[in-house]
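Encoded as structure tokens, the structure appears first; notes follow it.
Heavy atoms only: backbone and side chains are in, while hydrogens, waters and symmetry mates are out. The chains referred to below are lettered A, B, ... by the order of the sequence lines, with proteins before strands, and numbering in each begins at 1.
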Amino acid sequence: MEQFLQQLINGLSLGSIYALIALGYTMVYGIIKLINFAHCDVYMIGAYVGYACMTYFHLGLLPSMLIAMAACTLLGMAIEKIAYKPLRNATRIAVLITALGVSMFLEYGTMFFVKAEVRAYPSMTGWMAQSFQVGGVNISMLQVIIMAVTVILMILLQFIVKRTRVGRAMRAVSLDKDAAELMGINVNSTISFTFALGSALAGAAGVLVGVYYNSINPLMGMLPGIKAFVAAVFGGIGLIPGAMVGGYAIGMIETMVDGYGNSLYKDAVVFAILILILIVKPAGLLGKNTREKV
Amino acid sequence: MAILSVKKLTKSFGGLTAVSNVNMELQEGELVGLIGPNGAGKTTVFNLLTGVYEPTAGTVTLTRNGKGKEIQGMKPFNICKAGMSRTFQNIRLFKDLTVLDNVRIAMHQNVKYGLASAFLHLPAYAKEEAQLVEKCMELLRIVHLDGKAGELASNLPYGEQRHLEIARALATDPVVLLLDEPAAGMNPAETAQLTELISWIRKNFQLTILLIEHDMSLVMKICERIYVLDYGMIIASGTPEEIKADKKVIEAYLGEDVNDA
């Protein structure tokens, strides 16, 4: 039982990270039907910006995270403007391949500047380095921070999407781009804003992963990126609650497989789940099954 | 005073001229019909007016508060802000949103608060939000949908979806309203109700309305003037009586030499 609870806590922290990244995938998919493969590299850049803030400018976790989020926001908007916007009316496959190209560019461009070596995040000091016991379960402050930050960001996101003008515009654009534009919504700036939001979340996830796992490298985005994508599909791609549920579910499953002995198979299990979902419920856990019109 | 003035509007797709040299003038408060056989280019004219297509040639001038502005070639959302709003031939509501949200999103360009004040729940935000909902509900009352504000747009019956489209178009605060076949697919009772609604809206919102419609009973009943489009050209214009008697119009609808047959 104790082991199960321990894994539960570990799973929640990992799931938080996946959920944060998955939200970016899902929002962009929701609005322009693009799997933005470059998203996982925005997350990597976020981790590096946080690293720079902490190592060179000796900033605390929170300011570093905010700066990383701001930097990623700009990066996300720039990627959209430079790479995707000119292809707005191109075929989906063209944009998809562009996304792969942007991803490679960011990965190896970063590698050019910071070298391929693995870097160690500065370790936390003071209360953030502490951990405490609850009924035999060991919880570190960092895990608490990760979960809390994720929940706060999710609440903010829900608020923006549900209650604000630009959030409503996002939903309108995702449902019918042309009709939205004819109702006075600036579609381009709405899409740009969606990238900004998703990238900010990825930036936060990057810094959290940095402090949690302590090591970063230019290709760190690949595996978590794909798993977050699986999470988004698992929950129902295009649906914000789906990405949250999917993120936690994938994090939990991975930790459980890991914790109960088969750490070698944890990635295999995650991808097996993707295959299962695609066969059984292609629209995802929360998705409505719609028949493709032919 | 001319609220909407269209001069020599032309649109070619490759070698095909879908709309050629169309001139139209809508006076303030007028209700004008645009009719023509299938494929005559009526919806293309609407798409040109609202910025979906960029005209190949010609000008479109929209007058708001006494100030004329050439809007051809502007982005659709800016044309909408300039005061032109429309409904669609095939209903294009935001189906997975509630009735209220459909109207609220359209009204959204008039909202002043920024993200920051929304976040901090500043009084300005709460006040604007409340006013916004109140205004939306007013519009919904006009189209008799205030009782269904919380329902998903896709769950409304067909006729009510058409009404909601009109409410959504009104929410953008237009000076000119373009209605693309508002009575399509409606039964006579629904059409009669719609006819009343359109007249009421025009009077109470002081709107200028341009209407595409196949239902001649509706067109002849409420339009003061009619333009007839055939093969992308205006072939006749005038009052319903004049149009009914126009030889070219009869030819366009029934084929040539109808009298000789």
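Residue Asp101(B) touches chain A through its side chain alone, counting heavy-atom pairs closer than 4.5 Å.
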Would Val52(B) and Asp178(A) count as a side chain to side chain contact (heavy atoms under 4.5 Å, CB included) if you check the C-alpha gap in whole Å, the side-chain angles of each, and the deciding distance to 0.1 Å? CA-CA 8 Å; Val52(B) 177; Asp178(A) 300 330; over 6 Å; no
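By the 6.0 Å contact criterion, NZ on Lys75(B) is open, its count of non-hydrogen atoms from other residues, nucleotides or ligands being 12 or less. In Glu134(B), the CD atom is crowded: over 12 heavy atoms of neighbouring residues, nucleotides or ligands sit closer than 6.0 Å. Around atom NZ of Lys95(B), no more than 12 heavy atoms belonging to other residues, nucleotides or ligands sit under 6.0 Å away. Within 6.0 Å of CD on Glu70(B) lie more than 12 heavy atoms contributed by other residues, nucleotides or ligands. Within 6.0 Å of NZ in Lys81(A) there are 12 or fewer heavy atoms belonging to other residues, nucleotides or ligands.
The CG atom of Leu132(B) sits 10.5 Å away from atom CZ of Arg165(A), with the distance rounded to the nearest 0.5 Å. The distance from atom CG of Asn78(B) to atom CG of Asn186(A), rounded to the nearest 0.5 Å, is 7.0 Å. To the nearest 0.5 angstrom, Asp176(A) atom CG is 12.5 Å from Ile91(B) atom CD1.
The pair Arg92(B)-Glu181(A) fails the salt-bridge criterion, with no side-chain N (NZ, NE, NH1 or NH2) lying under 4.0 Å from an Asp/Glu carboxylate O.
At least one side-chain heavy atom of Leu182(A) sits less than 4.5 Å from a side-chain heavy atom of Arg86(B).
The residue among Asn188(A), Val187(A), Leu175(A) with the most heavy atom pairs within less than 4.5 Å of chain B is Leu175(A).
Closest of all the heavy-atom pairs between Cys80(B) and Met183(A) is SG-C, 3.4 Å.
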